[in-house]
Amino acid sequence: MSGRMPGTLCGSRRCTTAEAATRVATAEAAREPATAAAARPERRRDAQDRGRVLVARLDDAGDVLLSGPAVRAVRTLARELVFLAGPNGRQAAELLPGVDQVIEWRAPWIDHTPQSVSKGQVAELVAKLSDIDEAVILTSFHQSALPLALLLRLAGVRRISAISNDYPGSLLDVRHVVDESVDVPEAERALAVARAAGFALPEGDDGKLAVQRPLPDIGKEIGHLLGVGADAGKGAYVVVHPGTSAPARTWPADRHRQTVRELVEDGHQVVVTGTERDLTAYVAGDLAADLGGVTTFAQLAAVIERAGVLVAGNTGPAHLAAAVGTPVVSLFAPVVPAARWAPYGVPTVLLGDQEAPCRASRARVCPVPGHPCLSHVTSEQVVKAVRELTP
């Protein structure tokens, strides 16, 4: 695509490259309407009612939480907001303010353990999306919105917005073009797509991550485990979450266990969370409360909300902490850029060598012997970071 589009104006000024690209793509889509969309009768709606709008983010829980500000922007004009999530992101989508319904679908071009593609699988999704009026597709810089855009066209969706540096033909109506060499926080990237589609955050919304309220009341359970009152307020303990969805992002279990010991010696009560019960039991030992495998995602949010600090890798609970306003000691492997995926909008201490050889590799299994980006982080550094973040 050419970097210049002469003669294209935005009002009284000349368009930027991104604005011009969006206008050209929109015009292309208007000239070549999808057959299914053209066949569906137009519904009469007020200008402030964009109908049933789909927001799609098909990967993991943390990515879904980072789409929260964009969801709230879309909800300002949507009569109903439907969220399309993958199996790893469904529980997070159900926690987002503004979401009315969640549809789960395992995308074969995004899922970490993809299933083979079948006509039945695709037909089932297309049928579920047949009453969607408009869609906003959210992706990371290494993902394509176009496969889903094609399925949305087959479902008859009339207006589709997404980032695409590839030529979208008639698949997109609003093509938001960005400079992928610039690292932008994922929450802001998603919100920019919503804005390009004509949705803005409501007045007074700070654009931070958020979850639906009220969260489950876990006061009695936490009080019983820690020997404190059920009404103990925020900061009563430190949460250590040792698991991640990818080995390349994981700090060694023995370092987590030692950190728990040193945090207790430093005067903190500690709660260990996660889905891997053997791992959480090992890390907790006989010194910390072990909640491994016993919390729903909403209950985990409530546990983290009461914590003074969360210690975690680049994983969903780190973004959950950001959504409930809890500071994070982030054990961050640079396989993806911290500038994009570090906890957003809360005080954070970032640990890990961000210039290690695995940098920007997107590896799920560490490609460097010895896992140097995280193995050099000590338990003493983590305890020091917890002190820095503790009021």
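- A side chain to side chain donor-acceptor pair (under 3.5 Å) check over residues 307-331, counting only residues at least two apart or in different chains, returns the pairs K234-T326.
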Could you tabulate the donor-acceptor pairs under 3.5 Å formed by side-chain atoms of residues 342-357, not counting sequence neighbours?
{"residue": "Y344", "atom": "OH", "partner": "E188", "partner atom": "OE2", "Å": "2.9"}
{"residue": "T348", "atom": "OG1", "partner": "V346", "partner atom": "O", "Å": "3.0"}
{"residue": "D353", "atom": "OD1", "partner": "E355", "partner atom": "N", "Å": "2.9"}
{"residue": "Q354", "atom": "NE2", "partner": "F332", "partner atom": "O", "Å": "2.7"}
{"residue": "Q354", "atom": "NE2", "partner": "G352", "partner atom": "O", "Å": "3.1"}

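- For E180, the CD atom is densely surrounded, since the number of other residues' heavy atoms within 6.0 Å is greater than 12.
- In terms of modelled atom types and a separation under 3.5 Å, the side chain of R277 and the main chain of G292 share a donor-acceptor contact.
- Taken to the nearest 0.5 Å, the CG atom of L66 stands 12.0 Å off from the CZ atom of R340.
- Not one N or O on the side chain of S67 forms a donor-acceptor pair closer than 3.5 Å with the backbone of A70.
- Ring pair W251/H256 is perpendicular by interplanar angle, where above 60° counts as perpendicular and below 30° as parallel.
- Annotation for R261: atom CZ does not count as buried by contact number, only 12 or fewer foreign heavy atoms lying within 6.0 Å.
- Summarising the geometry, atom CZ belonging to R153 is positioned 7.0 Å from atom CG belonging to L171; distances are rounded to the nearest 0.5 Å.
- Residues F141 and V184 fail the side-chain proximity criterion, which asks for heavy atoms closer than 4.5 Å.
- Within the 4.5 Å cutoff, side-chain heavy atoms of S164 are placed close to those of L172.
- With values rounded to the nearest 0.5 angstrom, D63 atom CG is found 10.5 Å from L138 atom CG.
- With salt bridges taken as basic N to acidic carboxylate O contacts below 4.0 Å, one links D111 and R106.
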Under 3.5 Å, side-chain donor or acceptor atoms of residues 80-87 against the rest of the protein: list the pairs with distances, not counting sequence neighbours.
{"residue": "E80", "atom": "OE1", "partner": "R52", "partner atom": "NE", "Å": "3.0"}

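- Among residues at least two apart or in separate chains, side chain to side chain donor-acceptor pair (under 3.5 Å) pairs with a member in residues 140-149 are R57-S140, D59-Q143, S140-E186.
- The OG1 atom of T113 lies 7.5 Å from the CG atom of N88; values are rounded to the nearest 0.5 Å.
- The side-chain contact (heavy atoms from CB on, under 4.5 Å) test applied to F297 returns A61, L65, Q91, A92, L95, L320, not counting sequence neighbours.
- For the pair R79 and E134, the salt-bridge criterion is not met [side-chain N within less than 4.0 Å of a carboxylate O].
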With a 3.5 Å cut-off and sequence neighbours excluded, list the donor-acceptor pairs that the side chains of residues 384-391 form with protein atoms.
{"residue": "K384", "atom": "NZ", "partner": "E388", "partner atom": "OE2", "Å": "2.9"}
{"residue": "R387", "atom": "NE", "partner": "D266", "partner atom": "OD1", "Å": "3.4"}
{"residue": "R387", "atom": "NE", "partner": "D266", "partner atom": "OD2", "Å": "3.0"}
{"residue": "R387", "atom": "NH2", "partner": "D266", "partner atom": "OD1", "Å": "3.0"}
{"residue": "T390", "atom": "OG1", "partner": "V386", "partner atom": "O", "Å": "2.6"}

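- Atom CZ of R255 is separated from atom CG of L331 by 10.5 Å, given to the nearest 0.5 angstrom.
- R364 contributes a side-chain N or O that, together with a main-chain N or O of S245, makes up a donor-acceptor pair within less than 3.5 Å.
- Put simply, the side chain of R72 never gets that close to the backbone of G98: no donor and acceptor are under 3.5 Å apart.
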